[in-house]
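Each chain gets a letter, A, B and so on, in the order its sequence line appears, and its residues count up from 1. Quick note: numbers below take in every heavy atom, side chains included, and nothing from hydrogens, waters or symmetry partners.
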Amino acid sequence: MPPPLPPLAACARSLAELLVVLSAARALPKGQQLHGFLLKGGHLPAIASSHALLSHHLLTFYARCALPELCLRAFLDLPAPPPAAAWSSLISSFAQNGLPAAAFDAFRRMLAAGVPATDRSIPSAAKAVAAAADSLRPPLAPHALHGLASKTPFAEDVFVGSAVLDMYAKCGNLLDARRLFDEMPERNVVSWSALIGGYADAGMHPAALWIFRSALEEAVEVNDFTVSCIVRVCATATLFDLGAQVHARSIKTALDASPFVGSSLVSLYSKCGLVDRAYRIFSAAPERNLGIWNAVLNASAQHGHTATAFERFMEMQNDGFRPNYITFLCLLTACSHAGLVDEGKRYFSLMKEYTIEPQAEHYAAMVDLLGRVGRITEALELIESMPMEPPESVWGALLMACRMFKDADTAAIAAKRLFQTGSRSSGAHMLLSSTYAAAGRHVDAALARKAMRDAGVRKETGLSWLEAAGEVHTFVSNCRRHPRSDEIYNVLEKVGEKMEGAGYVADTSAVVKDVAREEKCETLGYHSERLAIGLGLLIVPEGVPIRVMKNLRVCDDCHNAIKYLSKCTGRVVILRDNRRFHRFEDGLCSCGDFW
DNA sequence: ATAGGGTTAG
């Protein structure tokens, strides 16, 4: 005789736990089976006290499976009228599972049913508005939700305030975010983090740093959220010294153990050119998540450590992490930097097996990969096959390929389509012009430059900078602004003689005829990166790599010259241009002259 | 206990 089954009410907890497991796995058939069982036997009312608990997990389950209709039906199965808690449950299920439109719809229905908004439902609604910030038809203006919230008894609640503040920040409305922050009667670490994150996303790095500093001064107990945000700012702006200071501080508070802080540190050191240090952070990380795997994978990709990148991809899967769309973006970048077309195609089709829909960014990476090995027709065919309107980045990648392979006809097509996207990129005009020039079509080149002027687009100034002792030294071509300019030009001249002795010949083919006067000046030899390296030779201690950043792509001649420079001086130069890293040592570059 | 806010990786 089997022991008698316990009464169903006693099983409610186990059933709830089972639903949580099924939710996590998004196991749709099994979950629906369980739902059916509960409904069919009339079991739900039988366990009325656990009814709401089970319903909550059912809602989360269907939201995870992106099935708002089923979610709503499970909600409507609740004994009427649903209490405010059930509504909050419904709204948060949608908001937390990428269904902002459904979340807002539920919020609206709740209000229509006469249930007032609470301190539980407003934050979820704010999250939904924030998540829909990029969509063309936002469900509700941020101001409207803020207004609604301020008419409730929760207007001064710190949870509600922080959620509304974050909504403003995510919608790019930094002025309102800041005003709310200033007016809040109570602030906590979440309010501070939301504001810092908002400034960081908007590229307002000084503001983000300033708020962070104020938080420290006001003795706010910053946590891993806050620190990861501020390290991201340092990474984006390549503020190595400041980033290292924040890192040191985070070690003291043990926040460096957070995988979120770890990811941003990996990215910081990688972006500052110190990929070995990035690798060490990763190896030492006590806890790994998908973010830190992607961060280290991207570091390998950016630094041209292609084989390492592929290995990391295998390892992360062995560790049980499921790659996401960013993982594949990193892999395609790695392939692109090594010119590995077959591997790239393999990863691109592998996305399907993971049911990850390629985004425009993945297409841009594939176009870049095909283009830089000269398969321009194939790249154009891929663009034609895109299920979405090709954005600027895709045409830009094609245009770059046309420039490399002097394909003026395709360049004209790419540029035309690129400008149709509403882009005001000066780089695109310059690429088109120089492609014409490289193909010997100097009249078209001049016309392209005129078109740029007529469009009121100014050429982006080539800038290089070098950070040393916490100070950032910025250079433009041939400038003499730096107080140590005389020494810089002297040392470059001296090294230049050695370089010529070693066989360096300045390549003047990059000097395009029929270009405007200002560009001719720039082509004469002292490109900004060389000046920055010159200063590096003077002030960076022997044995320490000279790290230089540049906002444009390094030219062939400078690339060649820096190889000779590294050989003649015995120095390591790490140059980050707008595409990737180049590590020059003993006459060779890590990119293998393919970039 | 079934409901609430902020991260990382491109």
What nucleic acid atoms does A/V158 come within less than 4.0 Å of, heavy atoms only: base, sugar-phosphate, or nothing?
base
Can you pull the contact range of chain A along DNA chain B, 5' to 3', using atoms under 4.0 angstrom from its heavy atoms?
B/dA1 to B/dG10
Please work out if A/Q302 contacts a base, only the sugar-phosphate, or nothing of the nucleic acid, heavy-atom cut-off 4.0 Å.
nothing
Using a strict threshold of under 4.0 Å (side-chain N to carboxylate O), is an ion pair present between A/D77 and A/R73?
no
Which part of the nucleic acid, if any, lies within contact of A/N298, taking any heavy atom under 4.0 Å across all strands shown: a base, the sugar-phosphate backbone alone, or nothing?
sugar-phosphate
Does the pair A/D157/A/R120 count as a salt bridge with the N-to-O cut at 4.0 Å?
no
Under 4.0 Å, counting only non-hydrogen atoms across every strand here, what does A/D166 touch: a base, just sugar-phosphate, or nothing?
sugar-phosphate
Shortest non-hydrogen separation from A/A208 to A/I196 and the atoms involved:
CB-O, 3.9 Å
Using a strict 4.0 Å threshold on nitrogen-to-oxygen distance, state whether A/D105 and A/R109 make a salt bridge.
yes
Stepwise side chain to side chain donor-acceptor pair (under 3.5 Å) test for A/R64 and A/N97:
CA-CA 6 Å; A/R64 287 249 163 104; A/N97 291 289; 3.0 Å; yes
May I ask you to say whether A/R312 pairs ionically with A/D319, meaning some side-chain N is under 4.0 Å from a carboxylate O?
no
